[in-house]
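The next block holds one structure in the form of structure tokens; read it before the comments.
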Amino acid sequence: MRYSQLLLPTLKETPAEAEIVSHQLLLRAGFIRKLTAGIYAYLPLGLRTLRKIEAIVREEMNRAGAQELLLPMVQPADLWQESGRWEKYGPELLRFVDRHQRASCLGPTHEEVITDLVRMNVHSYKELPLNLYQIQTKFRDEIRPRFGLMRGREFVMKDGYSFDADEAAAGITYNKMKEAYSRIFARCGLSCRAVEADTGTIGGNFSHEFMVLAATGEDTIVVCTACDYAANMEKATCPPPAPAATLPAMLELERIATPGQKTVEEVTAFLGITPDQLVKTMIYLADGKPVAALVRGDHEVQPVKLKNLLGVVDVELAGEDTIRKICDLVPGYLGPIGLTMPVVADHQVMVMANMVTGANQEDVHLKNVNLGRDFTVSQAGDLRMATAVDSCPQCHGRLELPRGIEVGHIFKLGTSYSEALQATFLDDHGKRQPFVMGCYGIGVSRCIAAAIEQNHDDNGIIFPLPIAPFQVILLNLSPKDVEISRGADNLYEELTSRGIDTLHDDRNERPGIKFKDADLIGIPLRVMVGKRFAEAGEVEIKQRASGDTQVLPMAGAADALVAMLDRIMTGAPKA
RNA sequence: CGGGACGUGGCUCAGUCUGGUAGAGCACAGCGUUCGGGACGCUGGGGUCGGAGGUUCGAAUCCUCUCGUCCCGACCA
């Protein structure tokens, strides 16, 4: 491709709307432009990288035995009503009616559609296993789209769905997908970690997320420094504490005036105690009904754990107004005693004695509160976020809590969808069975952002070769010089004819501008034809990542570039 | 949806507090000088100051409403 003909509007300055580096660089390097919140146009360079990632995904999915298809984006409401998700899926499911007043939606995911397709067309165990995937634009009306391609409303996703005859076969498929995912992300040049995850709205019973480690990641994950344990915050278990050998004697319940002291910090400082002697009472609305969740003062409630413990669809932290109006309580002075709503406790609270809580009265706290004597709980369990001071639930090793970007997510779905949609086959005994399903997502467009978060410097993007929009950028440093231009043109022709993705910067610009643009857009290899060529027949090759430069005769330049590309490709995790 | 910030030419921003006929840099077009890390000079085009209403002799500036964007929280590839 000739740069002079390419739509590549690079920006010298960072647009004010971009906060994180991948978003800034995608805009500056002319990869994407925003149409409206969370919706982006891919310019030629952005599309090239997107296609390269797609190609890797296809290769590895096909290699793992999956087949590509393409499913509709507009979906009828009745399918979603059949699965029950028309009600369950929140407002991020964009719903609309067509001209015949039929309720429809834009597909945020395709379990319903694929299950429908399979139930209509697959009837025998002999046709299993079946693993189908597509690469398609999804639409989710995200509450808050942000960070460019990191969380768009419209985004490109690879979603795959597997159908197996039984749990064991589904397990094999799941592991195959897990392997395929590791290969995909490695080939994209992403440093990635698989973590155990909660299954969320998609449903099911087992799941891993693939997290690209990056400080700008939206998720915190929990990884053990000693063993292979890794989980996200929603899943990372905090095992119940060993029961204390001797419980301290229960002291007499005491009321203390704590005027103006609301937060854990304020109350503990005021009373001269540590946060682990205090119990936080958090009011949540569980499917609309208030519930009090108790955790130790130095812990945080993990809403997904609370949701799972309560067995409800949705939990939401009650706002101050809700607490005052609906519950008739005073925020900042909440406590478990005398509550009419259900009270659930983290199991760390279950082993506390003589705790401090709010008194459910303005400016008053209670001391020496004891479970059993002063209040009871309806349920106890793991309700809190893991912290860096917790130890690994698997090996008791030290935990770290780095940030990550979720680029892939795989689920064992079991039979929830096949049962809801009555998708069944006949097994080898002629017995009707629901398909055992799995589903597998990759945020393809998000991978671009993740790759940039992991691979950039002050000058711009440093693309891993397999996903770079071009492999080589050829700079003609003296476009007005006939001889130099002829040399550059010839080299460009040769590289192109040898199948190398080459961007030829033939613009009538000064060298400095070409260097800056080349660095910004992150092409792995840069070859320069300039004065040196005119004087000595030599060209220069510079590697974007290392900055290493070599000078060599024009005659051997194409061979050298091919060899370098080979070396980089095979040095990267092999396909 | 809650909290915060912002909206002035394609981009970055000044001007708003204290009302008085819209600015700079970059980008773009022309000419000239330059030409190996985002050159310089001269000239030129381009702006409903997000929108609507109001106050005022006069509004980018003050008031009301509204739309949009960005950031923080609850969702997720």
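These numbers come from the heavy atoms of this one structure, side chains and all, not from hydrogens, waters or symmetry mates. Please read all numbers here as calculations on a predicted model, not as lab measurements. Throughout, a chain's letter reflects where its sequence line sits, starting with A, and its residues are numbered from 1.
- Nucleotide B/C6 forms a pair with B/G68, judged by Watson-Crick or G-U wobble geometry with both contacts under 3.5 Å.
- To the nearest whole angstrom, the two C1' atoms, one in B/C31 and one in B/G45, are 16 Å apart.
- Among the heavy atoms of the strands, none lies under 4.0 Å from A/E316.
- Residue A/T10 is the one, among A/I143 and A/T10, whose nearest nucleotide of RNA chain B lies closer to the 5' end (criterion: closest heavy atom).
- Nucleotides B/G32 and B/A14 have their P atoms positioned 38 Å apart, rounded to a whole Å.
- One can find a donor-acceptor pair under 3.5 Å joining the base of B/G37 and the side-chain atoms of A/D519.
- Environment of NZ in A/K52: crowded, with over 12 heavy atoms of neighbouring residues, nucleotides or ligands closer than 6.0 Å.
- A/D219 comes within 4.0 angstrom of a base, heavy atoms only.
- Ring planes of A/Y181 and A/Y440: perpendicular class, angle over 60° (limits at 30 and 60°).
- Here A/K138 lies out of heavy-atom contact (under 4.0 Å) with every strand.
- Figure legend: cation-pi geometry between A/R48 and A/F470, with NZ or CZ positioned under 6.0 Å from the six-membered ring centre and within 45° of its axis.
- As rounded to whole Å, 17 Å separates atom C1' of B/A77 from atom NE2 of A/H208.
- Between the P atom of B/C75 and the CG atom of A/L93 lies a distance of 17 Å, rounded to the nearest Å.
- Distance A/Q134 CD to B/A77 P: 15 Å, rounded to the nearest Å.
- In the model, A/Q24 has no side-chain atom that pairs as donor or acceptor with a side-chain atom of A/T14 under 3.5 Å.
- Within the 4.0 angstrom heavy-atom criterion, no nucleotide atom of any strand lies near A/R33.
- A/K305 places a side-chain N or O within 3.5 Å of a backbone atom of A/A236 that can act as its donor or acceptor partner.
- Nucleotides B/U16 and B/C11 have their C1' atoms positioned 22 Å apart, rounded to a whole Å.
- Closest approach of A/W80 to A/Q75, counting heavy atoms only: NE1-OE1, 2.8 Å.
- Among the nucleotides B/C75, B/C71, B/U69, the one closest to the side chain of A/E142 is B/C75.
- Between A/K514 atom NZ and B/G38 atom C1' there is a gap of 13 Å when expressed in whole angstrom units.
- Looking at A/N232 and A/E196, their side chains never bring a donor and an acceptor atom within 3.5 Å of each other.
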Going 5' to 3' along nucleotides 22-35 of chain B, which nucleotides have protein heavy atoms under 4.0 Å from the base (write B), which only from the sugar-phosphate (write S), and which from neither (write -)?
---BSS------BB
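- Side chain of A/R144, nearest nucleotide from B/G37, B/C71, B/C11: B/C71.
- Between B/U69 and A/T36, a contact under 4.0 Å exists linking OP1 or OP2 to a side-chain N or O.
- Each of A/G148 and A/P303 lies near RNA chain B, and the nucleotide nearest A/G148 is the one positioned closer to the 5' end.
- Side-chain N/O atoms of A/R507 and base N/O atoms of B/G38 include no donor-acceptor pair closer than 3.5 Å.
- At the heavy-atom level, A/A16 lies under 4.0 Å from the strands shown only through sugar-phosphate atoms.
- Nucleic acid contact for A/G408: sugar-phosphate only, since backbone atoms but no base atoms lie under 4.0 Å from a heavy atom of the residue.
- Rounded to whole angstrom, the span from the CG atom of A/L306 across to the P atom of B/C75 amounts to 11 Å.
- For B/G38, the base is not stacked against the aromatic ring of A/F515, per a cut-off of 5.5 Å between centres and 30° between planes.
- With hydrogens and angles left out, the side chain of A/R151 and the base of B/C76 share a donor-acceptor pair within 3.5 Å.
- Atom CG of A/D457 is separated from atom C1' of B/G37 by 14 Å (rounded to the nearest Å).
- On the P atoms, B/U48 is 16 Å away from B/U61, given to the nearest whole Å.
- Across the protein-nucleic acid pair, A/I513 atom CD1 and B/G38 atom C1' stand 6 Å apart, rounded to whole Å.
- Nucleic acid contact class of A/S445 (heavy atoms, under 4.0 Å, all strands): none.
- As a whole-Å value, the separation of A/D505 CG from B/G37 P is 15 Å.
- One P atom belongs to B/G41, the other to B/A22, and the distance between them is 27 Å to the nearest Å.
- B/G25 and B/G68 are spaced 35 Å apart, taking the P atom of each and rounding to whole Å.
- Cation-pi contact between A/R95 and A/W86: present, with separation from the ring centre below 6.0 Å and deviation from the ring axis of at most 45°.
- At a threshold of 4.0 angstrom between heavy atoms, the contacts of A/F147 are confined to the sugar-phosphate backbone, with no base atom among them.
- Using atom C1' as the reference point in both B/C13 and B/C57, the two lie 33 Å apart (nearest Å).
- Among the atoms of the strands shown, none is found under 4.0 Å from any heavy atom of A/R153.
- One finds no side-chain N or O of A/R146 lying less than 4.0 angstrom from the OP1 or OP2 phosphate oxygen of B/U69.
- Taking the ring centre of A/Y174 as origin, the terminal cationic atom of A/K412 falls inside the region bounded by 6.0 Å and 45° from the ring axis.
- Counting non-hydrogen atoms under 4.0 angstrom, A/G152 reaches a base of the nucleic acid.
- Listed nucleotides: B/A77, B/G36, B/C75. Nearest to the side chain of A/V304: B/C75.
- Taking atom P in both B/A39 and B/G47, one finds a spacing of 28 Å when rounded to whole Å.
- Side chains of A/E406 and A/H409: a donor-acceptor N/O pair is present below 3.5 angstrom, by distance only.
- Residue contacts shown for A/D159 are absent, as no nucleic acid heavy atom lies under 4.0 Å away.
- Within 4.0 Å (heavy atoms only), A/E218 reaches no atom of the nucleic acid at all.
- A salt bridge links A/R151 with A/E218: the closest approach of a Lys/Arg side-chain nitrogen to an acidic carboxylate oxygen falls below 4.0 angstrom.
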